[in-house]
Novice: 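Following this message is one structure expressed as structure tokens.
Remember, it's a predicted structure, so these values are computed and weren't measured experimentally.
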Amino acid sequence: MSGYDRVVQPAAGDEALENHLGGDEARNYRQYEFDMVAPHVGRSMLEIGSGLGHFAEQFLPRLDRLVVSDFDPYCVDQLKKRFEGRDDISVLRFGLPTEIPLADPVDTVVMMNVLEHIEEDAEALRSLAKVTAPGGRIIIWVPGYMQLYGDFDRKVGHVTRYTPATLRKTVTDAGLDVDVLKPINFLGGIAWWAAVRRGGVGYPDPRLVKVYDRTVVPATRFIERFIRPPFGQTVFCVARVPQPK
């Protein structure tokens, strides 16, 4: 298995290391994620790697239709329980790349920290493009820069960390256009390098995450209102499915 169906870490529970990056200790960071993504979301949305559904749920007031998905059986079961009785919400289980079992296309796909797990990343985006309406968007949030790759990345099954250039190549190889592509979270990148690469931390300490969330995230958001950083912990992309010619 070489795609998102290769589950290296569970997506929920005490052993889910990636939860330390956006759990209860990181409320400002979670708001940062939402505020970056929300302006690009239309009326129907498919989220890839929904976990327990916390992120997708925030979009419900602006959506006519939501599709959540995961490959982890535990997460899929929890998603079904969370959204039980909602006719406007569907729950799917699949890994990427694959033929996605979605009859009606959506206008927006959101994948937060998913693409970096997939060796066949361009093929995964092609799978998503097939269920996205022409002119629709695929929003991609991935960890940035191989200089920051460390033991944490290996533990959670990251194939790579992206730069704007490498992500652009993946997106264009998939036949998609690029609307937005930039590094973000500049101060977070520096903090990550200091803690994980230089400090030898295997995974983020929840206590440090709380300090980071209270100090670094607000400062980063303020700085990024005025300048475009040359580097960041994350690379953010909004890709668009071309209109037929």
Novice: Which residues pass the side chain to side chain donor-acceptor pair (under 3.5 Å) test with Q58, not counting sequence neighbours?
Specialist: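 Partners of Q58 under the side chain to side chain donor-acceptor pair (under 3.5 Å) test: none.
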Novice: Could you point out which residue of I48, V106, V241 forms a side chain to side chain contact (heavy atoms under 4.5 Å, CB included) with L128?
Specialist: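 Between L128 and the candidates, side chain to side chain contact (heavy atoms under 4.5 Å, CB included) is satisfied uniquely by I48.
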Novice: Could you pull out every donor-acceptor pair under 3.5 Å between side chains of residues 92-103 and any protein atom, sequence neighbours left out?
Specialist:
| unit_1 | atom_1 | unit_2 | atom_2 | d |
| --- | --- | --- | --- | --- |
| R93 | NE | F71 | O | 2.7 |
| R93 | NH2 | F71 | O | 3.3 |
| E99 | OE2 | K130 | NZ | 3.2 |

Novice: Holding to ring pair (Phe, Tyr, Trp, His ring centres under 6.0 Å), I want the full list of residues that pass it with F83, two or more places apart in sequence or in another chain.
Specialist: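 Partners of F83 under the ring pair (Phe, Tyr, Trp, His ring centres under 6.0 Å) test: none.
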Novice: Shortest non-hydrogen contact from P105 to R65?
Specialist: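 Heavy-atom minimum between the residues: O-NH1, 3.0 Å.
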Novice: Measure the spacing between CG of D173 and CZ of R126 and express it to the nearest 0.5 Å.
Specialist: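 It is 6.5 Å, given to the nearest 0.5 Å.
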Novice: Applying the side chain to side chain contact (heavy atoms under 4.5 Å, CB included) test to F231, which of I184, T163, N185, L148 qualifies?
Specialist: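 Per the side chain to side chain contact (heavy atoms under 4.5 Å, CB included) rule, the option paired with F231 is L148, out of I184, T163, N185, L148.
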Novice: Using the side-chain contact (heavy atoms from CB on, under 4.5 Å) criterion, which residues pair with P183? Sequence neighbours excluded.
Specialist: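 With sequence neighbours excluded, P183 shows a side-chain contact (heavy atoms from CB on, under 4.5 Å) to Y145, P164, R228, given in chain and number order.
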Novice: Counting only N and O atoms by type, is there a donor-acceptor contact under 3.5 Å from the side chain of R43 to the main-chain atoms of R62?
Specialist: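 Yes, the answer is positive, given that a donor and an acceptor are paired below the 3.5 Å cut-off.
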Novice: Enumerate donor-acceptor pairs with a distance under 3.5 Å from any side-chain N or O in residues 133-142 to protein atoms, sequence neighbours excluded.
Specialist:
| unit_1 | atom_1 | unit_2 | atom_2 | d |
| --- | --- | --- | --- | --- |
| R137 | NH1 | H40 | O | 3.3 |

Novice: What are the two closest heavy atoms between L176 and A129, and how far apart are they?
Specialist: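 For L176 and A129, the tightest heavy-atom pair comes out as CD2-CB, 3.9 Å.
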Novice: Would you give the length of the straight line joining atom CG of D179 to atom CZ of R240, rounded to the nearest 0.5 angstrom?
Specialist: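 D179 CG to R240 CZ: 4.0 Å, rounded to 0.5 Å.
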Novice: Taking only residues two or more places apart in sequence, or in another chain, which ones meet D177 in a salt bridge (charged side-chain N to carboxylate O under 4.0 Å, His left out)?
Specialist: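 Applying salt bridge (charged side-chain N to carboxylate O under 4.0 Å, His left out) to D177 gives none.
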Novice: Quick one: pull up OG1 in T160 and NE2 in H117 and give me the separation to the nearest 0.5 Å.
Specialist: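 Answer for the OG1-NE2 pair, T160 versus H117, is 12.0 Å.
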Novice: Any idea which heavy atoms bring C75 and L52 closest together, and the distance?
Specialist: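 Scanning both residues, the minimum pair turns out to be SG-CD2, 4.4 Å.
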Novice: Roughly how far, to the nearest 0.5 Å, is the OG atom of S69 from the CE atom of M111?
Specialist: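 The OG atom of S69 is 9.0 Å from CE of M111, to the nearest 0.5 Å.
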Novice: Quick one: list whatever passes side-chain contact (heavy atoms from CB on, under 4.5 Å) with K80, sequence neighbours left out.
Specialist: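 For K80, the residues satisfying side-chain contact (heavy atoms from CB on, under 4.5 Å) (neighbours in sequence not counted) are V76, V91.
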Novice: Given 3.5 Å as the limit, does a donor-acceptor pair link the side chain of T220 with the main chain of V216, or not?
Specialist: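 Checked: pair present.
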Novice: Can you tell me if H158 uses its side chain to pair, donor with acceptor, with the backbone of N113 under 3.5 Å?
Specialist: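 Checking the backbone N and O of N113 against the side chain of H158, no donor-acceptor pair under 3.5 Å is found.
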Novice: If you define the side chain from C-beta out and look only at heavy atoms, does anything of V37 sit under 4.5 Å from E47?
Specialist: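 When only atoms from C-beta onward are counted, E47 and V37 do not touch, as no gap falls below 4.5 Å.
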Novice: Can you tell me how the ring of F34 sits relative to the ring of F55, calling it parallel under 30°, perpendicular over 60° and tilted otherwise?
Specialist: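 Ring orientation of F34 relative to F55: perpendicular.
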Novice: Kindly compute the distance separating NZ (K81) from CD (E84), expressed to the nearest 0.5 Å.
Specialist: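 That separation rounds to 9.5 Å.
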Novice: Can you name the closest pair of heavy atoms from V235 and G144 and give their distance?
Specialist: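 Heavy-atom minimum between the residues: CG2-CA, 3.9 Å.
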Novice: Nearest heavy-atom pair of L63 and G42: which atoms, and what distance?
Specialist: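 Scanning both residues completely, I find the closest heavy atoms to be CD2-O, 3.4 Å.
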Novice: Begin with the C-alpha distance, continue with both residues' side-chain angles, and end with the deciding distance and a verdict on side-chain contact (heavy atoms from CB on, under 4.5 Å) for L66 and F59.
Specialist: CA-CA 9 Å; L66 171 64; F59 293 90; 5.9 Å; no
Novice: Return the set of residues passing side-chain contact (heavy atoms from CB on, under 4.5 Å) with V217 (not counting sequence neighbours), or none when no residue passes.
Specialist: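 Listed in chain order: N28, Y29, Y32, Y212, D213, R221.
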Novice: Do H54 and R82 come within less than 4.5 Å of each other through their side chains, counting heavy atoms only?
Specialist: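 The answer is yes, as the side chains (C-beta and beyond) meet within the 4.5 Å cut-off.
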Novice: If a pair satisfies salt bridge (Lys or Arg N to Asp or Glu O under 4.0 Å) and one of its residues is in residues 101-114, list it, with sequence neighbours excluded.
Specialist: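 Every pair satisfying salt bridge (Lys or Arg N to Asp or Glu O under 4.0 Å) with a residue in residues 101-114: there are none.
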Novice: Once you round to the nearest 0.5 Å, how far does OG1 of T234 lie from CE of M112?
Specialist: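 With rounding to 0.5 Å, OG1 (T234) is 8.0 Å from CE (M112).
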Novice: After noting the C-alpha distance and the side-chain angles of L167 and V178, does the key distance pass the side-chain contact (heavy atoms from CB on, under 4.5 Å) rule?
Specialist: CA-CA 10 Å; L167 187 55; V178 174; over 6 Å; no
Novice: Should L125 and L115 be marked as a side-chain contact (heavy atoms from CB on, under 4.5 Å) after you check the CA-CA gap, both sets of side-chain angles, and the distance that decides it?
Specialist: CA-CA 9 Å; L125 293 179; L115 194 64; 4.2 Å; yes
Novice: Using the test side chain to side chain donor-acceptor pair (under 3.5 Å), find all partners of R86 that sit at least two apart in sequence or belong to another chain.
Specialist: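 Result, side chain to side chain donor-acceptor pair (under 3.5 Å) vs R86: D88.
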Novice: Taking salt bridge (charged side-chain N to carboxylate O under 4.0 Å, His left out) as the definition, give me every residue that meets it alongside R168, ordered by chain and number, with sequence neighbours left out.
Specialist: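 None.
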Novice: Excluding sequence neighbours, so at least two apart, what forms side-chain contact (heavy atoms from CB on, under 4.5 Å) with F226?
Specialist: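 Expected list: F222.
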